[in-house]
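These numbers come from a predicted model, not from an experiment. Protein chains get the first letters and strands the later ones, always in sequence-line order, with residue 1 at the start of each.
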Number of protein chains: 2
Amino acid sequence: MASESAESRREPNRFTHRELDIMSVLWRRGSGTVAEVRDVLGEDVGYTTVLKMLQILEGKNAVRHEKEGRAHRYYPLVESADAGGNALKRVMNKIFHGSAELLLATLVENREFSDEEIERMRSILDRAQEKEEDR
Amino acid sequence: MASESAESRREPNRFTHRELDIMSVLWRRGSGTVAEVRDVLGEDVGYTTVLKMLQILEGKNAVRHEKEGRAHRYYPLVESADAGGNALKRVMNKIFHGSAELLLATLVENREFSDEEIERMRSILDRAQEKEEDR
DNA sequence: TCTGTCCTACGAAGATCCTCGTTGACAACC
DNA sequence: GGTTGTCAACGAGGATCTTCGTAGGACAGA
């Protein structure tokens, strides 16, 4: 029974749990040292654990680092929009039968939005529609 | 260094990769036997693997089964909307800084939508806004 | 210099996930 | 009865993910 190789199974920019935790901090802050990332994650994640994850992420070309004093400062290489696009695609296909509408409906059902937020979301749709018409 | 127990770490209705593959089939079809699920997933997943995953999912109360002839027919217990809501929350928080707008923008950027789809998405926002005004 | 602190590096162990081989039950068909 | 096909059960093995212990370098202050 064939099983795909580890490489081909993993689609691009898909992060494991912990990896995503760490990427999330880097996306928010723009960059971070091990200690900074750990501060955000909380004390229940070991220092060396965070370090190791960052090294793993570096091995996957998801982050890079620069020397800063004695420490390393890590920068994300993968854009959050790219990772988000992939994650959304997966959620949309696996859970919402490929329907963006169903996805949106669930999104707005699970949270209250202010008029301003909804207005801005509407204009996002407007822009998408204009782009559509241009073609 | 404390590490949370396996139980508390796992938020509700979060599925692993394979689990989600299988739940996805059940959500689409409404129910399925091992053989049916496997047909959808493709031959490269072993029969006993699918069976095992269904048994694991049953242990997590994500599915239940009924006898059907000699086989078991499995039914989802977790709603796709619930799983989807959780998944979206996670993606929104970890990747899009908690911003639904950013999420929506990425969604519409990654796919072309017809006028009709956009119209329906707009009306989803309308309904959300009405609900907002009622309060 | 000695000690404590902060850092990286590395490897190995533990946890979880996924896979499948094997067994035994049952039924249909020869 | 024997053979074949379909099924659930179970357990073990491998792969992957996550954690941390330990070592060693660099630096600051006593």
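Residue B:Tyr47 places no side-chain N or O under 4.0 Å from the OP1 or OP2 atom of D:dT6. Contact annotation: B:Thr16 reaches the phosphate of C:dC18 (side-chain N/O to OP1 or OP2, under 4.0 Å).
When the ring-ring contact (aromatic ring centres under 6.0 Å, His included) test is applied to B:Phe96, no partner is found at least two apart in sequence or on another chain. The salt bridge (Lys or Arg N to Asp or Glu O under 4.0 Å) test applied to B:Glu109 returns no partner, not counting sequence neighbours.
Following rounding to the nearest Å, A:Glu19 (CD) and C:dT16 (P) show an atom-to-atom distance of 17 Å. When rounded to the nearest whole Å, the span between CD of B:Glu68 and P of C:dC26 equals 19 Å. Rounded to an integer number of Å, the gap from CZ of B:Arg73 to C1' of D:dA8 is 16 Å. Distance, B:Arg38 CZ to D:dG5 P: 15 Å, rounded to whole Å. Protein atom CG of A:Leu57 is 10 Å distant from nucleotide atom P of D:dT18, rounded to whole Å. Protein atom CZ of B:Phe15 is 18 Å distant from nucleotide atom P of C:dT16, rounded to whole Å. Atom CD1 of A:Ile56 and atom P of D:dT16 are 13 Å apart (whole Å). The separation between A:Arg18 atom CZ and D:dT18 atom C1' is 8 Å, rounded to whole Å.
Of the candidate nucleotides C:dC18, D:dT18, C:dT19, C:dC18 has the atom lying nearest to any side-chain atom of B:His17. Of the candidate nucleotides D:dT18, D:dC7, D:dA9, D:dA9 has the atom nearest to the side chain of B:Gln55. If you check C:dT22, D:dA12, C:dA9 against the side chain of B:Thr48, the one that comes closest is C:dT22. The side chain of A:Ala71 has C:dC7 as its nearest neighbour among D:dA9, D:dT18, C:dC7.
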Would you list the protein and nucleotides 24-30 of chain D atom pairs, both N or O, that sit under 3.5 Å from each other?
residue	atom	partner	partner atom	Å
D:dG25	N2	A:Arg70	NH1	3.3
D:dA26	N3	A:Arg70	NH1	3.3

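Atom CE of residue A:Met23 and atom CE of residue A:Met53 lie 11.0 Å apart, to the nearest 0.5 angstrom. Atom CD of A:Gln129 is separated from atom OG of B:Ser114 by 9.0 Å, given to the nearest 0.5 angstrom. Interatomic distance, CD of B:Glu79 versus OG1 of A:Thr106, reported as 11.0 Å (0.5 Å rounding).
Ionic pairing of A:Glu130 and A:Arg127 is not present here: no N-O contact between side-chain nitrogen and carboxylate oxygen is shorter than 4.0 angstrom.
Taking the six-membered ring where tryptophan is involved, the planes of A:Tyr74 and A:His65 are tilted, since the angle between them lies from 30° to 60°.
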